[in-house]
Amino acid sequence: MRSGGTIESASRTSRRTHRCGELRAQHVGERVRLGGWVDRRRDLGGIVFIDLRDRAGIVQLAVGPGAPEGVRRTAAALASETVVEVEGEVSARPPNMKNPELATGEVEVHPGRLVVVGPAVTPAIPVTRAKGEELPAEELRLKYRHLDLRRPEMQANLALRHRLLQRARKTLSDLDFLEIETPILTKPTPEGARDYLVPSRVHPGEFYALPQSPQLYKQLLMVSGFDRYFQLARCFRDEDLRNDRQPEFTQIDLEASFVETEDVLGFVEAVLVALWDEAGHRIARPFSRILWRDAMERYGTDKPDLRYDLPIADWTAHAQRLHVPFFESALQDGARVRGLAVEGGGALTRKDVDALAEMAKRLGGSGLAWVKRQGDQISGSVAKHFTTETLGELGVGDGDAALFAAGPDRVTSPVLDRVRQEVIRRLAPPPKAAHAFCWVVDFPLFEPDPETGKPVFAHHPFTAPHPDDLQRLEAEPFECRALHYDAVYNGAELGSGSIRITDPALQRTVLARLGISPADAEARFGFLLNGLQAGAPPHGGFAIGFDRVVMLLAGAGSLRDVIAFPKTTAARALFEGAPAPANPADLAALHIAIER
RNA sequence: GGGGCUGUAGCUCAGCUGGUUAGAGUGCCGGUCUGUCACACCGGAGGUCGCGGGUUCGAGCCCCGUCAGCCCCGCCA
């Protein structure tokens, strides 16, 4: 509510007129009521200054000799993190006493009433730190989450998260998508990540699973004719964690009917552009495209960081002429020599290069050969095999360096991907762009099982094969491309999606190709197959990893900084203490016996 | 399942080659102070060196085990 002249605060309640952080010079002379936490107190004897903090920020209370006796007594005894309510007049600060560091620094409040409404014990971890003091240990931040969440950084992260959720919801709703909730108690899936299981009380020995994603439900919604669906979906996977992986997480999940790949990418671009806009970044559309095969060849990864050049080159032909022992030992069985021509790589120190080579070895490669050129000087582990001319053929000029890896692609690709990232980190070249979005398309449909070599699906078994590759399904499964696409941003995967199989016969064929018997297929995916037989429109969709998006846009170092109550890397909740033993009576009711 | 890093006062950290009574800053408690904003100044309390075992005349420091947090590999259709 806003009325002319004075600004009526939207934060007004029965107990306050404004939030602390909202007060400005324009409020001078107004009598306000505030509620907040005591951030800091500076007691000068005759006058006490209190920084009062709430969600909107901090304002200074000044309790001087003119204040009522009771207010002065209360002010002198206030402990930090106490909740107080205060009523008083907003005053302009004396000219030399303004604080330009503070949004409210032009003013202060002179309380006529000051009441402790929420006394606080001394906080276990500080909410406000001294300059230069590190954050408390993460373990303590998670244990005393109610205090950690009071910090302005965490408040800002969660406020941003809120805005992004609203923006995603509005963007999709405006595109005519319907938000439809799907079950949290679902059916265990035999493939994929481990499920979180929930025992059934009324059906002894049977279990629900928490959804790893709403995949099958959203496809069935398409079969049901809902046309465009989205959900801000909570998903659960019982796998080991990383700094960008939590056991429960949120996806912006969408699916649409009568679409081709182009349509889905368009919808997802609209959402991503809106989210980045909400965070203050203007992003151009359409995003660039890169074939999966090219991404692997040029960057060694399916999520290339396109903020930087520095593509991987194939130097096999050059290497064969040079008779370098390092290469020849590896150059068998169709292996290749690939490498990076690093512009300005002369700045890499011996220590840098050794660290890179060490990293390459750890990743299972035979290591890294290297050459540096300074004028006519050529140095490095394989320097004696090169001249300025042969280096020139590789694109290595004065002041540059070349890094070589030799072996099969499955080894050198991940090595060169990591080496490229590390070179970029160490040389810190200026990025071509701050925000490098791209679509990676034409993923393979199958990949070899690392143990048996048999085809297993690279994504999920409902991904449609590329129509041009259908006839290769039997004879050359690994050559078969999928209508699958990933959204990649600055080297991070934001999400993935695909056009789905809608022909039940093709769906059965693909499942069979994966070694799943018809009976098995029926037991596991029968409800989907039934759905497809009932008249399925062509459809496809996408899922955006929302937590990761918030983390990137908040500039946070960990998912834990954009989730109010996250789990530790051991999947524990330190704040509430989950998981916890169940009492025997509950277990008995669930027909569960614990083995130790 | 495997590897690495960390664990010392409420919090953040220092602690040398194994050697006397384990320190600093901040917070906390008490005091002085009328314009501070990391207020300043004076005084004080505060320690199972994560836990268990071992080596040693002697362990915060070395060894073994274990727990917790974090990072990575495997895993995450």
Side-chain angles (χ1 to χ4, degrees), chain A residues 39-52 58-67 72 76-77 79-81 91 93-102 104-105 108 110 121-144 147-148 189-195 212-213 215-216 235-247 249 359 362-364 414 418 443 445-447 449-450 455-463 482 484 493 496 498 510-511 514 516 524-525 543 545 557-558 560 567-572 574:
Chain A
D39 194 71
R40 274 206 175 89
R41 195 169 58 93
R42 294 174 292 281
D43 187 342
L44 275 60
I47 186 166
V48 180
F49 297 101
I50 297 154
D51 289 342
L52 196 64
I58 282 175
V59 72
Q60 172 168 282
L61 312 180
V63 179
R72 284 164 52 205
S80 62
E81 297 307 317
S91 305
R93 293 200 194 183
N96 299 334
M97 307 306 162
K98 297 184 193 306
N99 184 350
E101 310 265 292
L102 212 57
T104 60
E108 62 192 7
H110 294 166
V121 296
T122 301
I125 58 171
V127 174
T128 306
R129 281 166 298 148
K131 262 181 199 146
E133 188 178 355
E134 298 290 330
L135 281 173
E138 183 121 21
E139 185 175 358
L140 298 171
R141 291 179 53 204
L142 294 171
K143 184 166 174 188
Y144 304 104
L147 295 173
D148 193 49
T189 49
E191 315 289 338
R194 262 185 293 274
D195 286 317
Q212 296 180 24
S213 82
Q215 181 64 33
L216 296 177
C235 307
F236 307 85
R237 293 180 191 174
D238 185 6
E239 292 292 348
D240 290 339
L241 306 179
R242 292 285 189 277
N243 93 96
D244 61 352
R245 250 196 261 162
Q246 281 276 308
F249 57 98
M359 196 179 68
R362 270 207 317 277
L363 290 168
R418 284 298 307 275
F443 276 77
L445 185 61
F446 301 109
E447 58 192 23
D449 184 309
V456 293
F457 37 79
H459 305 286
H460 60 61
F462 321 115
T463 302
H484 175 101
E493 184 193 321
S496 64
S498 63
V510 167
L511 291 174
L514 293 162
I516 298 170
R524 295 178 188 182
F525 309 117
S558 156
R560 293 182 298 275
K567 304 287 188 284
T568 69
T569 46
R572 278 192 181 282
L574 298 182

How do Ser80(A) and Leu241(A) order along RNA chain B: which one's closest nucleotide is nearer the 5' end? Ser80(A)

May I ask you to say what [X] touches in the nucleic acid, namely base, sugar-phosphate or nothing, with a heavy-atom cut-off under 4.0 Å?
{"X": "Asp240(A)", "result": "base"}
{"X": "Ala79(A)", "result": "nothing"}
{"X": "Arg141(A)", "result": "nothing"}
{"X": "Thr569(A)", "result": "base"}

For nucleotides [N] and [M], find the distance between their [atom1] atoms and express it as a whole number of Å.
{"N": "G50(B)", "M": "G7(B)", "atom1": "C1'", "answer": "6 Å"}
{"N": "G3(B)", "M": "G65(B)", "atom1": "P", "answer": "10 Å"}
{"N": "A24(B)", "M": "U17(B)", "atom1": "P", "answer": "22 Å"}
{"N": "U8(B)", "M": "G15(B)", "atom1": "P", "answer": "14 Å"}
{"N": "C5(B)", "M": "A14(B)", "atom1": "P", "answer": "16 Å"}
{"N": "U20(B)", "M": "A38(B)", "atom1": "C1'", "answer": "37 Å"}
{"N": "A9(B)", "M": "G44(B)", "atom1": "C1'", "answer": "15 Å"}
{"N": "G53(B)", "M": "C13(B)", "atom1": "C1'", "answer": "29 Å"}

Report the nucleotide, chosen from G74(B), C72(B), G27(B), that has the shortest atom-to-atom distance to any side-chain atom of Thr122(A). G27(B)

Checking contacts here: which listed nucleotide (C72(B), C76(B), C70(B)) is nearest the side-chain heavy atoms of Arg242(A)? C72(B)

Report all interatomic pairs (protein N or O, nucleotide N or O of nucleotides 22-24 of chain B) with separations under 3.5 Å.
none

Can you tell me how far the [atom1] atom of [X] sits from the [atom2] atom of [Y], to the nearest 0.5 Å?
{"X": "Leu142(A)", "Y": "Lys567(A)", "atom1": "CG", "atom2": "NZ", "result": "10.5 Å"}
{"X": "Thr128(A)", "Y": "Glu133(A)", "atom1": "OG1", "atom2": "CD", "result": "10.5 Å"}
{"X": "Ile50(A)", "Y": "Leu61(A)", "atom1": "CD1", "atom2": "CG", "result": "5.0 Å"}

Determine yes or no for a side-chain-to-main-chain donor-acceptor pair under 3.5 angstrom, with Gln60(A) supplying the side chain and Gly105(A) the backbone. no

Taking the side chain from Arg141(A) and the backbone from Pro136(A), do they hold a donor-acceptor pair closer than 3.5 Å? no

Is the base of C75(B) touched by the side chain of Arg245(A) through a donor-acceptor pair closer than 3.5 angstrom? yes

Hey, does the side-chain of Arg237(A) have a donor or acceptor N/O within less than 3.5 Å of a partner on the base of C76(B)? no

Side-chain donor-acceptor contact under 3.5 Å, Ser91(A) with His110(A): yes

Filtered N/O pairs between nucleotides 35-39 of chain B and protein, under 3.5 Å:
unit_1	atom_1	unit_2	atom_2	d
G35(B)	N1	Glu108(A)	OE2	2.9
G35(B)	N2	Glu108(A)	OE1	2.6
G35(B)	N2	Glu108(A)	OE2	3.2
U36(B)	O2	Arg42(A)	NE	2.7
U36(B)	O2	Arg42(A)	NH2	3.3
U36(B)	O2	Gln60(A)	OE1	3.4
U36(B)	N3	Gln60(A)	OE1	2.9
U36(B)	N3	Gln60(A)	NE2	3.0
U36(B)	O4	Gln60(A)	NE2	2.8
U36(B)	O4	Arg93(A)	NH1	3.3
C37(B)	O4'	Arg42(A)	NE	2.9
C37(B)	O2	Gln60(A)	OE1	3.4
C37(B)	O2	Asn99(A)	ND2	3.2
C37(B)	N3	Arg93(A)	NH1	2.7
C37(B)	N4	Arg93(A)	NH1	3.3
C37(B)	N4	Met97(A)	O	2.6
C39(B)	OP2	Arg42(A)	NH1	3.2
C39(B)	N4	Asp43(A)	O	2.4

Atom pairs, N/O to N/O, protein against nucleotides 10-13 of chain B, distance under 3.5 Å?
unit_1	atom_1	unit_2	atom_2	d
G10(B)	O2'	Ala124(A)	O	2.7
U12(B)	OP1	Ala137(A)	N	2.4
U12(B)	O4'	Glu133(A)	OE2	3.3

Could you tell me whether Arg572(A) atom CZ has more than 12 heavy atoms of other residues or ligands within 6.0 Å of it? no

Is Arg40(A) salt-bridged to Asp51(A), going by a charged N under 4.0 Å from an acidic O? no

Should Glu138(A) and Arg560(A) count as an ion pair when the cut-off is N to O under 4.0 Å? yes

